[in-house]
Amino acid sequence: MKIAIIGTGYVGLVTGTCLAEAGHEVVCVDCDAEKIAMLEAGGMPIYEPGLEELVRGNRDAGRLRFTTSTPEAVHASQIVFIAVPTPPLPDGSVDLSFIERVAREVAANLTGYRIVVDKSTVPVRTGQKVAETIKRYCRTPVEFDVVSNPEFLREGSAVEDFLRPDRIVVGVSSPRPVSAMRQVYAPFDAPIVVTDIQSAELIKHAANSFLALKISYINALSVICEASHADVQDVANGIGMDRRIGRQFLDASLGFGGSCFPKDLSAFIKIAEQLGYDFALLREVQRINAQQLDRFFRKIVDTLWVIKDKQIGILGLAFKENTDDVRMSPAIELCRRLQAEGARLRVHDPKAMDKARALLPDVTYVAHQDDVAEGCDALVLATEWSQFKQLDLAKACRVMTCPILFDGRNLFDKNEMEHLGFIYKSIGR
Ligand code: UGA
């Protein structure tokens with residue numbers, strides 16, 4: 001099928017590329033001419049495992065192209081996906097101005113029946129507003145359908161998540177667009193859940209909030225585990241083996257971050273409020289998450305006693321592994337707090353150092369992970385990159401002024417670390 005993707009950010013680029021990989025003819029649009037030129041020249045604006053190869057392969061095969069022209073893309077396509085940002089406003093609600101602008105642009109360029117699919121994460125009832133806007137701004141009366149098709153991609157495994165999804169959600173207000181949407185997703189081996197538009201929109205916020213709730217639950221348990229000398233990993237394994245609960249998203253940490261969970265939680269709380277419900281449960285999820293970072297920071301302060309002039313090595317800056325994304329990263333927030341107390345930081349991240357430079361200018365960026373510990377009073381593991389398991393920790397222990405290791409992701413084995421000579425502090429163990 002001929003598909004346009006309006007917005008070539010993280011979601012748009014992965015969606016467009018994977019739909020091209022599935023055999024569709026895709027054009028990705030973005031108003032950022034520099035980004036489009038970069039993609040046309042073979043460059044990549046983000047790091048995502050496997051994406052670069054797929055972009056190259058599909059561009060070379062003529063199934064994937066890039067443009068700054070929305071009119072051209074709308075004319076050339078049967079289905080128009082909207083994948084523009086929906087950033088948070090200061091009060092936690094969602095800024096829908098990008099969505100509204102795209103709806104107007106699409107309307108102005110409609111010459112025949114099109115299916116307009118919302119991929120961006122939006123509050124419930126946005127689809128209705130998009131349909132009203134398109135109707136209002138159409139130059140001539142043209143038929144169209146609006147569909148809600150939320151994405152469930154995780155950064156760091158987005159390509160894999162798109163190509164092998166658990167389910168595909170398609171929200172419609174009439175049966176007409178369903179067969180075309182089934183055709184779009186026919187190459188993917190996944191159940192298609194067809195709902196009304198509002199339910200599809202809610203599924204996205206409900207899923208992200210539930211996953212965040214799961215993390216806050218295990219983080220709250222980590223506090224109980226520490227106080228009672230239990231081990232949160234054993235508890236997570238024990239409860240996670242119950243298939244009704246599941247082991248995923250039960251890894252205690254210094255808190256969740258990124259561009260989705262914090263924003264979507266605030267948005268969902270606001271949406272509920274506007275619908276007359278106080279979602280206190282989700283406010284508690286936020287509170288536990290904020291406390292988790294506070295508690296980890298306090299653990300460092302309590303152990304080192306004085307932070308001023310201490311040299312601290314930080315392993316990991318991204319909000320999670322396999323991404324260069326540092327938005328709302330707990331690692332960055334921790335660095336800022338340590339700096340505010342007067343610490344000097346030596347930092348390393350396998351992919352995120354370039355993006356971190358703007359947020360953390362006054363730290364020493366260390367090219368190799370094994371060199372971070374040099375002369376440090378403490379080492380902090382802040383992101384769960386699996387390559388940190390290959391760290392030369394015996395060397396780290398030797399070259400540190402004082403061998404203290406704070407593990408914010410429970411990546412290492414406590415006994416092994418103590419055997420190596422570290423004073424080892426982790427989460428809930
Ligand atoms: C999340 C959802 O998992 C996706 O399904 C969704 O599509 C996406 O948001 C979105 O709305 O676009 P993402 O933010 O990329 O994906 O990353 P996650 O893997 O969900 O991790 C979020 C945060 O939770 C990270 O900071 C991670 O380190 C943390 N986390 C995750 C934990 O602290 N413990 C866990 O057990 C799992």
Side-chain angles (χ1 to χ4, degrees), residues 7 9-15 18 46-49 83-88 94 119-122 149-162 164-169 201 203-222 232-233 235-237 239-240 245-268 285-286 288-290 292-293 296 316-334 349 352 381-386 388 407-411 426-428:
Y10 184 80
V11 171
L13 184 58
V14 172
T15 302
C18 291
I46 51 164
Y47 169 73
E48 185 61 38
V84 292
T86 49
V94 182
K119 259 266 167 240
S120 306
T121 300
V122 293
N149 174 220
E151 56 87 16
F152 302 104
L153 314 175
R154 285 164 301 173
E155 291 189 25
S157 58
V159 170
E160 186 60 24
D161 289 345
F162 197 100
R164 270 167 280 279
D166 288 344
R167 79 308 203 183
I168 291 156
V169 174
E201 290 167 337
I203 286 169
K204 170 67 193 206
H205 273 121
N208 270 8
S209 300
F210 188 79
L211 291 168
L213 180 145
K214 234 181 145 180
I215 300 169
S216 277
Y217 184 73
I218 201 70
N219 279 338
L221 279 180
S222 78
V232 75
Q233 271 178 320
V235 174
N237 291 339
I239 60 175
I245 295 173
R247 177 62 181 82
Q248 289 186 59
F249 280 68
L250 284 181
D251 290 319
S253 65
L254 69 172
F256 57 76
S259 64
C260 302
F261 284 175
K263 162 177 97 91
D264 289 353
L265 269 177
S266 303
F268 205 24
V285 170
Q286 288 180 316
I288 293 169
N289 198 52
Q292 201 67 2
L293 189 72
F296 190 65
L317 298 168
F319 81 98
K320 59 179 273 190
E321 66 170 332
N322 290 330
T323 179
D324 62 352
D325 198 341
V326 289
R327 287 175 291 174
M328 300 291 284
S329 170
I332 300 279
E333 174 60 20
L334 185 69
D349 188 284
L381 184 128
T383 311
E384 65 273 37
W385 284 95
S386 57
F388 291 154
D407 183 351
R409 299 285 184 170
N410 290 349
L411 200 71
S426 55
I427 310 255

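Numbering of ligands and ligand atoms starts at 1, following listing order. Remember, it's a predicted structure, so these values are computed and weren't measured experimentally.
- Of all the heavy atoms in W385 and D349, the pair that sits closest is NE1-OD2, 3.0 Å.
- Contact between G257 and P262 at its shortest, heavy atoms only, is O-CD, 3.7 Å.
- Neither the backbone nor the side chain of V11 comes within contact range of ligand 1; no heavy atom lies under 4.0 Å.
- In summary, the atoms of ligand 1 found under 4.0 Å from a heavy atom of K204, numbered by their order in the structure, are 6 (C), 7 (O), 10 (C), 11 (O), 12 (O).
- Among protein heavy atoms, atom 21 (O) of ligand 1 sits closest to K320 CD, 4.0 Å.
- Heavy atoms of E384 come nearer than 4.0 angstrom to ligand 1 in at least one pair.
- Taking any N or O of T121, backbone or side chain, none lies under 3.5 Å from an N or O belonging to ligand 1.
- Contact atoms of ligand 1 toward D264: 11 (O) (distance under 4.0 Å to a heavy atom of the residue).
- Shortest contact from atom 35 (C) of ligand 1 to any protein heavy atom: D251 O, 3.7 Å.
- With sequence neighbours left out, the salt bridge (Lys or Arg N to Asp or Glu O under 4.0 Å) criterion links D325 to R327.
- In this structure, atom 15 (O) of ligand 1 lies nearest to the protein heavy atom E155 N, 2.7 Å.
- In the vicinity of L250, heavy-atom distances shorter than 4.0 Å reach the ligand 1 atoms 36 (O).
- When hydrogens are left out, the protein atom nearest atom 24 (O) of ligand 1 is F256 CB, 3.2 Å; that is the closest non-hydrogen contact.
- Comparing Y10, F152, F319, F249 against atom 14 (O) of ligand 1, the shortest heavy-atom distance belongs to F319.
- Proximity to E151 (heavy-atom distance under 4.0 Å) selects the following atoms of ligand 1: 7 (O), 10 (C), 11 (O), 12 (O).
- Rounding to the nearest 0.5 Å gives a distance of 9.5 Å between CG of L334 and OG of S329.
- Distance from atom 28 (O) of ligand 1 to its nearest protein heavy atom, with residue and atom name: R409 NH1, 2.8 Å.
- Atom numbering of ligand 1 starts at 1 in the shown order; those under 4.0 Å from a heavy atom of F261 are 1 (C), 2 (C), 3 (O), 9 (O), 20 (O), 22 (C).
- Of all protein heavy atoms, the one closest to atom 6 (C) of ligand 1 is L153 O, 3.2 Å.
- Under a 3.5 Å cut-off, the side chain of S216 and the backbone N or O of V285 do form a donor-acceptor pair.
- Taking 4.5 Å as the limit, every side-chain heavy atom of N289 sits out of range of all side-chain heavy atoms of Q286.
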List, one per line, each side-chain donor-acceptor pair under 3.5 Å for residues 207-215, sequence neighbours excluded.
unit_1, atom_1, unit_2, atom_2, d
N208, ND2, D264, OD2, 2.7
S209, OG, H205, O, 2.8
K214, NZ, I245, O, 3.0
K214, NZ, G246, O, 3.2
K214, NZ, Q248, O, 2.7

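- A donor-acceptor pair under 3.5 Å is formed between the side chain of N149 and the backbone N or O of V169.
- Within ligand 1, counting atoms from 1 as listed, the ones closer than 4.0 Å to a heavy atom of S253 are 32 (C), 33 (O).
- Relative to atom 3 (O) of ligand 1, the option among K263, R154, R327, Q292 with the closest non-hydrogen atom is R154.
- Selection from N289, I215, T383 by nearest heavy atom to atom 30 (N) of ligand 1 gives I215.
- Note that OH of Y47 is 12.5 Å distant from CD of E155, once rounded to the nearest 0.5 Å.
- Looking only at heavy atoms of the protein, atom 9 (O) of ligand 1 is closest to C260 CB, 3.2 Å.
- Residues D161 and F152 come closest through the heavy atom pair OD2-O, 4.2 Å.
- The shortest non-hydrogen separation linking N219 to I288 is CB-CG2, 4.3 Å.
- The main-chain N or O of G156 is never found under 3.5 Å from a side-chain atom of E321 such that the two would form a donor-acceptor pair.
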